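Heads up, the thing below is written out as structure tokens.
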Amino acid sequence: MKKLWPLPLALLGLILSACTGSQEPPLPALVAMGGEGEVRFFRARDLQGGTPNPVGTWNTPGLQDLAHSQTFGRLYLLFPDRLEAYSTQGFSETTVPQPSPTQAAFPNNVDCTGGYLRLGQNLLLAHCPGAGRAFLWSLDASGNLEEADLTGLPSGVRLALFSQGTLDLLAYMSPQALGYRPPQNPSGTPSLEKPLDPQASQGPYDLQLDRLRGRLFGLAATATEVRLYTLEGDSLTSQKVLGDFPQPSHLALDPVGGMAVYGRGFQVLLPKESSVQQEFRTYTAGLVGQDGYLYLVQGQTLEVHDLVPSPPHLLRSQALGFSPTSLAFIPVE
């Protein structure tokens with residue numbers, strides 16, 4: 001959004017009413033949506049315009065999650081038995097070539113069904129909650145998988161990577177505490193653990209890193225409300241988010257584009273906090289893009305919200321024809 005001040009108030013109002021509020025011109029990008037055994041790629045500007053026609057579709061049976069690193073130019077896919085990394089070189093708004101992937105297989109006794117991915121500074125974390133194990137892979141897709149040491153962490157823990165200097169530390173959240181430690185040395189340093197206040201009785205649901213500001217955000221619930229826990233420095237704070245009657249909830253976070261929490265309804269937290277929106281709808285997947293738009297999935301429907309106005313502006317609601325469970329934003333040339 002361009003700086004509009006100082007301007008006469010009448011003129012300012014006209015400009016704001018005509019402005020989409022986000023990128024001018026639109027940021028060239030794809031939105032990758034994974035679910036039902038495939039990945040579909042859409043132009044972000046098409047989703048904003050209400051024409052959700054994929055520019056490419058990959059057949060990916062068994063897909064559990066996906067993640068994208070702009071720094072390393074790769075798209076990572078998680079399957080029950082392996083990780084795959086694809087170069088995004090050559091991706092454009094009109095073509096999505098599918099090169100041969102670099103693969104890393106899990107040990108034979110590990111089933112990562114229900115698992116998820118988290119990006120660090122140099123490492124990719126694959127957490128397999130059903131197996132009670134987690135694995136690390138270099139973001140450049142070199143070398144073998146290394147196993148994270150989860151000694152002392154309870155079942156149901158949520159994991160992420162916390163970047164400190166050149167290190168990628170293992171961040172964790174349980175119903176009682178949020179902290180971080182070296183991924184392969186539970187008693188090593190640097191480490192920190194803070195008790196949750198209030199303690200959670202449901203979840204934790206999500207744990208994500210704000211890499212630009214060095215903060216960890218975690219979601220869990222008490223008996224009556226979902227709470228967002230923020231670890232910044234050695235201080236842990238919490239606040240109520242969403243409405244009453246807590247349900248599983250998740251974070252959509254981009255350090256540039258903003259942050260929202262979604263589940264039973266959604267609530268924008270950055271760039272400007274909003275009240276709870278659409279609290280009678282249940283959202284199952286979400287993404288905040290670098291373009292300042294929030295993409296939310298409800299069943300087979302995708303909503304696109306502009307985050308610059310407060311409260312956010314619903315730009316489009318459109319049928320996708322499938323039910324994605326994971327989303328990634330991929331800027332292209």
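Excluded from the calculations below are hydrogen atoms, water molecules and symmetry mates; all remaining heavy atoms, backbone and side chain alike, are included. FYI, the numbering just counts along the sequence from 1. Just so it is clear, the structure is predicted and the values come from calculations on it, not from any experiment.
- Judged purely by atom type and a 3.5 angstrom limit, Glu279 has no side-chain atom pairing as donor or acceptor with the backbone of Val276.
- The aromatic rings of Trp58 and Phe91 stand perpendicular to each other, their planes meeting at an angle above 60°, with 30° marking the opposite boundary.
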task = Kindly indicate, with the supporting measurements, whether the criterion side-chain contact (heavy atoms from CB on, under 4.5 Å) is fulfilled by Tyr76 and Leu139.
result = CA-CA 9 Å; Tyr76 309 93; Leu139 282 174; 3.4 Å; yes

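- Side-chain contact between Lys194 and Ser235 is absent, with no heavy atoms from C-beta onward closer than 4.5 Å.
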Please report, to 0.1 Å, the donor-acceptor pairs under 3.5 Å made by any side chain of residues 151-163, with sequence neighbours excluded.
| unit_1 | atom_1 | unit_2 | atom_2 | d |
| --- | --- | --- | --- | --- |
| Thr151 | OG1 | Asp149 | OD1 | 2.4 |
| Arg158 | NE | Tyr205 | O | 3.3 |
| Ser163 | OG | Gln121 | N | 3.3 |
| Ser163 | OG | Asp168 | OD1 | 3.0 |

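- Side-chain contact check for Ser69 and Thr71: no donor-acceptor pair (N or O, by modelled atom type) lies under 3.5 Å.
- In Asn109, the CG atom is crowded: over 12 heavy atoms of neighbouring residues, nucleotides or ligands sit closer than 6.0 Å.
- Using modelled atom types and a 3.5 Å distance limit, the side chains of Glu303 and Tyr283 yield a donor-acceptor pair.
- From Ser142, atom OG reaches atom CH2 of Trp137 across 9.0 Å, with rounding to the nearest 0.5 Å.
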request  = Show your reasoning for whether side-chain contact (heavy atoms from CB on, under 4.5 Å) applies to Met33 and Leu320.
outcome  = CA-CA 10 Å; Met33 302 187 187; Leu320 291 173; 3.8 Å; yes

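- In this structure, Ala260 and Val288 approach most closely via the heavy-atom pair N-CG2, 4.3 Å.
- Proximity of Val39 to Leu66: side-chain heavy atoms (C-beta onward) are separated by under 4.5 Å at one or more points.
- Applying the disulfide (SG to SG under 2.5 Å) definition to pairs two or more places apart or across chains, those involving residues 84-196 are Cys112-Cys128.
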task = Verify salt bridge (charged side-chain N to carboxylate O under 4.0 Å, His left out) between Asp206 and Arg118, making sure each step is shown before the conclusion.
result = CA-CA 11 Å; Asp206 204 353; Arg118 289 292 180 268; 2.7 Å; yes

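- The aromatic rings of Tyr295 and Phe329 lie tilted to each other, with the angle between the two planes from 30° to 60°.
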Can you give each donor-acceptor pair under 3.5 Å made by side-chain atoms of residues 170-180, sequence neighbours left out, with the distance rounded to 0.1 Å?
| unit_1 | atom_1 | unit_2 | atom_2 | d |
| --- | --- | --- | --- | --- |
| Tyr172 | OH | Glu193 | OE1 | 2.5 |
| Ser174 | OG | Gln176 | N | 3.1 |
| Ser174 | OG | Ala177 | N | 3.1 |
| Tyr180 | OH | Gln164 | NE2 | 3.4 |

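- By the 4.5 Å heavy-atom criterion applied to side chains, Val241 and Leu269 are counted as neighbours.
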Mind listing the side-chain donor-acceptor pairs of residues 98-106 below 3.5 Å, one per line with the distance, residues two or more places apart or on another chain?
| unit_1 | atom_1 | unit_2 | atom_2 | d |
| --- | --- | --- | --- | --- |
| Gln103 | NE2 | Glu84 | OE2 | 3.1 |

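- Here OG of Ser92 is found 11.5 Å from CD1 of Ile330. Values are rounded to the nearest 0.5 Å.
- In this structure, the side chains of Leu124 and Leu136 stay at 4.5 Å or more apart for every pair of heavy atoms.
- Side-chain contact between Thr237 and Tyr229 is absent, with no heavy-atom pair separated by less than 4.5 Å.
- Taken together through direct or relayed side-chain contacts under 4.5 Å among Ile, Leu, Val, Met, Phe, Trp and Tyr, Leu150 and Phe135 form parts of separate hydrophobic clusters.
- No hydrogens or angles considered: a donor-acceptor pair under 3.5 Å links the side chains of Gln184 and Glu146.
- In this structure, Val261 is a member of the same hydrophobic cluster as Phe217, with clusters built from ILVMFWY side-chain heavy atoms closer than 4.5 Å.
- Side-chain atoms of Gln208 come within 3.5 Å of backbone atoms of Leu251 as a donor-acceptor pair (strictly under, hydrogens ignored).
- Under the 4.5 Å side-chain heavy-atom criterion for Ile, Leu, Val, Met, Phe, Trp and Tyr, Leu169 and Leu207 are members of the same hydrophobic cluster.
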task = Could you check Leu287 against Val31 for side-chain contact (heavy atoms from CB on, under 4.5 Å), going step by step and ending with a plain yes or no?
result = CA-CA 9 Å; Leu287 166 74; Val31 176; 3.9 Å; yes

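- Residues Thr94 and Val55 fail the side-chain proximity criterion, which asks for heavy atoms closer than 4.5 Å.
- Both Leu302 and Leu315 are part of a single hydrophobic cluster, where members link through side-chain heavy atoms under 4.5 Å apart.
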request  = Begin with the C-alpha distance, continue with both residues' side-chain angles, and end with the deciding distance and a verdict on salt bridge (charged side-chain N to carboxylate O under 4.0 Å, His left out) for Glu38 and Arg40.
outcome  = CA-CA 6 Å; Glu38 61 185 28; Arg40 299 184 187 182; 2.4 Å; yes

key: Chi angles and distances behind the side-chain contact (heavy atoms from CB on, under 4.5 Å) call for Glu93, Arg45   = CA-CA 9 Å; Glu93 286 191 298; Arg45 69 175 75 195; 3.0 Å; yes

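- Residues Ser249 and Arg264 have side chains not in contact (no heavy-atom distance under 4.5 Å, counting atoms from C-beta outward).
- Counting only N and O atoms by type, the side chains of Gln298 and Tyr262 include no donor and acceptor under 3.5 Å apart.
- For the side chain to side chain donor-acceptor pair (under 3.5 Å) test, no residue two or more places apart in sequence or in another chain qualifies with Glu232.
- Between Thr230 atom OG1 and Leu228 atom CG the span is 4.0 Å, to the nearest 0.5 Å.
- Within the model, atoms CG of Leu167 and CG of Asn122 stand 9.5 Å from one another, a figure rounded to the nearest 0.5 Å.
- Within the structure, the side-chain hydrogen bond (donor to acceptor under 3.5 Å, both in side chains) test picks out no pair touching residues 321-333 (sequence neighbours left out).
- For the pair Glu273/Gln239, a side-chain contact is recorded, criterion being any heavy-atom separation below 4.5 Å from C-beta on.
- Note that the CZ atom of Arg211 and the CG atom of Leu216 stand 11.5 Å from one another [nearest 0.5 Å].
- More than 12 heavy-atom neighbours from other residues, nucleotides or ligands sit within 6.0 angstrom of CD on Gln300.
- Hydrophobic clustering (side-chain heavy atoms under 4.5 Å, transitive across Ile, Leu, Val, Met, Phe, Trp, Tyr) keeps Leu123 apart from Leu209.
- Pairing each heavy atom of Ala252 with each of Leu294, the nearest pair is CB-CD1, 4.2 Å.
- There is a side-chain donor-acceptor pair under 3.5 Å between Gln70 and Gln290.
- Judged by the 6.0 Å and 45° rule, Arg74 forms no cation-pi pair with Phe72.
- Here the closest non-hydrogen pair linking Tyr116 and His127 is OH-ND1, 2.7 Å.
- A distance of 9.0 Å separates CG in Leu83 from CG in Leu77, rounded to the nearest 0.5 Å.
- Across all their heavy atoms, Gln247 and Thr282 have their closest contact at OE1-OG1, 4.0 Å.
- A salt bridge is defined here as a Lys NZ or Arg NE, NH1 or NH2 lying under 4.0 Å from an Asp or Glu carboxylate O, and Glu225 with Arg227 meets this definition.
- Closest of all the heavy-atom pairs between Pro312 and Leu307 is CB-CD2, 4.3 Å.
- Looking at every heavy atom in both residues, Leu192 comes nearest to Asp234 through CD2-CA, 3.9 Å.
- Under the 3.5 Å distance criterion, with hydrogens and angles disregarded, no donor-acceptor pair is assigned to the side chains of Asn53 and Thr51.
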